[in-house]
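Counting starts at 1 for both ligands and their atoms, following the listed order.
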Amino acid sequence: MRTLYVKFVVITIGIMVLSSIFAFLVSNTYYQQKLKPYNDQKITKIALSIAAYTDGHSDMDLDEYLKNISTIGYQIYLVDQSGDASFFGEPFRDKLLSNIVKEYVLNGNIYHGILQFPQETFVTGFFANELKNTIGVPITHNGKNYALFLRPDIKLLFNEMHYLFGWLIVLTISLSIIMVVISTKYLVKPISTLTTATKSLSNGDFNVAFEITRHDELGELSQSFLRMARKLEQMDDMKKEFISNISHDIQSPLSNIKGYINLLENKNISQEERSHYVSIINSEIRRLSTLTKQLLLLASLDRNEDIINKKRFNVGQQIKELIRNYQWLISEKNIMLSYFLPDIEVIGDPSLLNTVWDNLLTNAIKYNKPDGSIEISIEKKQESIFVTFKDTGIGLNHTELERIFDRFYRADTARTRTVEGTGLGLSIVWTIIKLHGGHISVNSKDKEGTTFIVELPR
Ligand code: ADP
């Protein structure tokens with residue numbers, strides 16, 4: 001898309017054409033209103049002075065005299081009562097002149113052909129080399145009456161017109177400059193808006209808003225800029241929330257530990273109470289330890305992809321081994337676990353993928369219902385493998401589903417309060433799968449159960 005480029009070219013050409021037309025119209029009006037009457041008067045004056053001269057010098061040769069005048073830069077037509085006519089100077093292109101006009105001048109009147117010349121554009125009007133476009137005056141020489149028609153020839157006209165052309169050029173240039181200044185402002189305005197927005201962004205103010213609805217490169221840039229600003233704002237919010245969550249999750253086990261240590265300092269408590277407090281302290285320490293381990297893992301996953309150590313291994317075997325480790329917990333909760341785990345090989349980081357299965361399995365156990373069930377299966381389809389964890393647990397509603405992969409998010413605290421957790425497990429799962437070029441999807445029905453499906457490229 002090169003619309004900005006096209007806009008620029010079109011505007012520039014438009015300015016050139018418009019300013020020329022405008023300047024031309026202005027000069028034309030000036031010609032019609034001022035220059036034409038002035039010119040008519042001036043030539044009338046010259047014609048009259050020729051008439052006065054011929055009148056007073058009966059001894060001179062009229063033809064010779066008019067020939068001299070024509071060399072200065074005039075076109076002359078002389079006609080007498082009998083219709084005898086002669087031309088002097090540059091020839092007329094159009095020699096048409098009605099007899100009425102000739103009669104009119106011979107009868108002692110002045111003919112203003114230049115003033116009466118049709119109101120056309122000045123180029124044709126002013127330069128029309130026609131006998132009609134002249135000044136006619138009656139002259140007398142040696143007692144004989146003539147009609148003398150006169151107009152300046154092209155060379156003389158050009159000399160007189162040069163300042164008009166000068167004005168035309170000055171006007172065209174000034175108009176172009178004004179229009180260029182205005183149109184460039186229009187073209188550049190979004191850039192200034194973007195610059196201001198960038199400054200406020202760099203000062204940490206993400207709340208930038210502006211309206212640029214143009215359909216060109218700048219419009220597109222503005223849209224991308226706004227999207228980027230929204231994203232940065234979200235990331236900034238996430239960062240703040242993350243820090244506040246970590247602080248809270250570290251602070252609360254610490255205060256619990258401190259509280260129970262204070263209680264332990266009391267010498268008068270029973271052995272039973274003492275071991276109860278110690279077990280609470282132990283569980284809080286375990287919680288802190290899990291939290292820091294998960295945070296460290298997330299941080300290293302975030303930092304780079306280099307921590308992935310890929311190799312070919314058997315996922316079916318790996319998950320079966322994991323199930324064996326959790327057998328005691330599954331039996332304790334009276335959960336029915338069934339699986340279909342054929343030997344399927346995949347290329348990936350065994351230890352990171354083990355963390356994925358671990359999180360999904362412990363969640364399926366933790367958020368299950370008493371006497372619930374879990375089904376785990378692997379399936380091979382074309383270039384991918386699909387690992388499914390299906391449970392008949394407490395399920396998730398629509399709004400919870402949208403957030404479960406967010407860091408620190410734990411659904412419905414009333415139900416999860418009794419269950420230990422940090423809200424980091426699924427975000428770790430999500431990050432590891434992304435790093436493997438895979439995908440995780442989740443289906444859930446509130447109070448009925450949840451299914452996680454992990455897709456990994458083979
Ligand atoms: P947690 O440490 O709380 O288990 P996770 O990131 O693993 O954190 O899970 C986030 C939240 O998603 C959990 O707190 C829980 O509310 C919900 N959740 C995860 N797995 C399941 C599941 N199998 N059934 C129902 N809810 C689940």
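Judged by the 6.0 Å distance and 45° axis criteria, Lys381 is positioned over the aromatic ring of Phe386. In this structure, Arg151 is not positioned above the aromatic face of Phe92 in the sense of NZ or CZ being under 6.0 Å from the six-membered ring centre and within 45° of the axis.
In the vicinity of Leu424, heavy-atom distances shorter than 4.0 Å reach the ligand 1 atoms 6 (O), 8 (O).
Remark: the Asn129 side chain and the Gln75 side chain contain an N/O donor-acceptor pair separated by less than 3.5 Å. Side-chain N/O atoms of Asp349 and Asn309 include no donor and acceptor closer than 3.5 Å.
Checking Asp391, Ile428, Ile404 against atom 12 (O) of ligand 1, the nearest heavy atom belongs to Ile404. Of the listed residues (Trp430, Phe405, Tyr409), the one carrying the non-hydrogen atom nearest atom 11 (C) of ligand 1 is Tyr409.
Side chains of Tyr326 and Leu337 form no contact here, defined as non-hydrogen atoms less than 4.5 Å apart.
At a threshold of 4.0 Å, the pair Asp40-Lys36 does not count as salt-bridged, since none of the basic side-chain nitrogens sits closer than that to a carboxylate oxygen.
Distances from ligand 1 to the non-hydrogen atoms of Asn359 include no value under 4.0 Å. Remark: distances from the non-hydrogen atoms of Lys366 to ligand 1 include one below 4.0 Å. Ligand 1 has at least one atom lying under 4.0 Å from a heavy atom of Gly423.
At least one N or O atom of Ala411, backbone or side chain, sits closer than 3.5 Å to an N or O atom of ligand 1. Taking any N or O of Arg410, backbone or side chain, at least one lies under 3.5 Å from an N or O belonging to ligand 1. Where the criterion is an N or O separation shorter than 3.5 Å, residue side chain and backbone included, Gly425 meets it with respect to ligand 1. In terms of N/O distances under 3.5 Å, ligand 1 is approached by Leu426.
At a heavy-atom cutoff of 4.0 Å, ligand 1 is contacted by the side chain of Thr450 but not by its backbone.
Among residues two or more places apart in sequence or in another chain, the side chain to side chain contact (heavy atoms under 4.5 Å, CB included) test is passed with Asn256 by Glu284. Applying the ring-ring contact (aromatic ring centres under 6.0 Å, His included) criterion to Phe242, with sequence neighbours excluded, gives Phe408.
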